[in-house]
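Written out below as structure tokens is the structure these notes cover.
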Amino acid sequence: MVRITAYGGVDQIGGNKILLEDRDTRVFFDFGEPFNMTENYFYEWLKPRDRFGLRDYLHFGMLPRINGLYDADMLEDTDMSHVPPEFDAIFLSHMHFDHAWHVKFTDRKIPVHLGQTADTIRKSWEYTGASVYFGEHDYRTFRTGSKVKVGSMEVEPIHVDHSVPGAYGFLVHTSDGCVAYTGDLRVHGPRADMTREFVSKAAREKPIAMICEGTRVSDADKREVLSEKGVEDRVRKLLSTHAKLAAVSFYPKDIDRMRTFRDVARATGRKFVVSSKVASLLESLKTDKNIEVPDPMKDPNMLIYVRTGMSRPYAFEAKYMDKLGSNDHIVDSEYVAKNQNQLIYHTDFSQLAELIDVNPSPGSIFIRSMSEPFEEDDVQDEVLRNWLSSFKMGFHQAHASGHASKGEIFSMIRSVAPQVVIPVHTEHSELFHRCGRKVSCPKQAKAFDLR
Ligand SMILES: [Zn+2]
């Protein structure tokens, strides 16, 4: 009997923690943090006290109380006692916060399986992020084509297209048949072929269940939908007649978007200036033969920005700072200020203050190349707008989502034709009833048996 229990990703976008049990084999698929997990009890500087491991998280029920799952160090200051691991493995579909972050709480003796590229991203994230650490696990990497045997299950990862490289869906071969898990995916990105491959391989297995993401399954989402090519076309058109600074913000792990801006820079005779953090990730990924990433140290259309006046810079940043003045790919705010009309300058919300030194001339533009805020009264958005109006900068939106639309998701489901669909990573599981297959909506931490 195969049993599925969702401990996260239920009626919410993100935080997937999906347990699959087959006979004595127990495996988690993803172990992420929900985006809104702490919002009821913590706010801004009021944060759970990480020095006490899981103490504050368990107090408010933010993580499930499951024996044999958490690390002894994480339980030391809690009312739960540590017992040896009762789980065989954790598989991560990709290295986004809402799918991977809580691995840091799990027992270091439970092996963590993830894509090779995903593991490179993990290491880069730990290197460049303040207090980012996923724990001392046995990280085992896979690629498409790998088949990983865990007890009575065999897990087959298949690459999918998403807004981060190294993203996978899984075909889990159990004693009762195949369970397909989509992870996060899309079919409007540059590697839609990978998602299609996942769908056709899943279809061939005639799955007994399909655990399916539904981020954009909604009747009310009015946010604009562009493809990656659409982002490129829009920004290129915008810059073809624009003679001032173009500042852009995007998710730091969205490598497709970096390529897009590099291409736009090339086409419009500009240079694309990325932060040291982005440059550091690109440099790590350069070692991965299986993906092609721009090289900011060599690409004639790219530059790396270093902050000045930092008394204690991070190691990754210091590495670039040391080369300021001796390497013409490394620039500071003085350079950006002087050459602003020839640049696409990457910034993000937390780095907006650099604009004071960059001093964009009035009429410069800011392109937000990430999701629009969900709420109309978003505080962060209001602050951003104040900055832009203070600099008299114009605002533009150009983003391609990492997720398939409702129609695309339903069409994938119809192609795969599973016996039952289990919606996760969605706020609208009730809409899945229109997908044309039998649907079973999971309930938080409630196990249900397949067949
Ligand atoms: Zn994701």
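When a ligand or atom number is given, it counts from 1 through the structure's own listing order.
Within the coordination shell of the Zn ion (ligand 1), defined by N, O or S atoms under 2.8 Å, Asp184 is present. None of the N, O or S atoms belonging to His403 lies under 2.8 Å away from the Zn ion (ligand 1).
In this structure, CG in Leu355 is found 8.0 Å from CG in Leu388, a value given to the nearest 0.5 Å.
Ser93 and Asp30 share a side-chain donor-acceptor pair at under 3.5 Å. In this structure, a donor-acceptor pair under 3.5 Å is present between the side chains of Glu283 and Tyr320.
Looking at Arg186, Glu213, His162 one by one, the single match for side-chain hydrogen bond (donor to acceptor under 3.5 Å, both in side chains) with His403 turns out to be Glu213.
Rounding to 10 degrees, one finds that the Zn ion (ligand 1) sits at the corner of an angle of 90° between His96 ND1 and His94 NE2.
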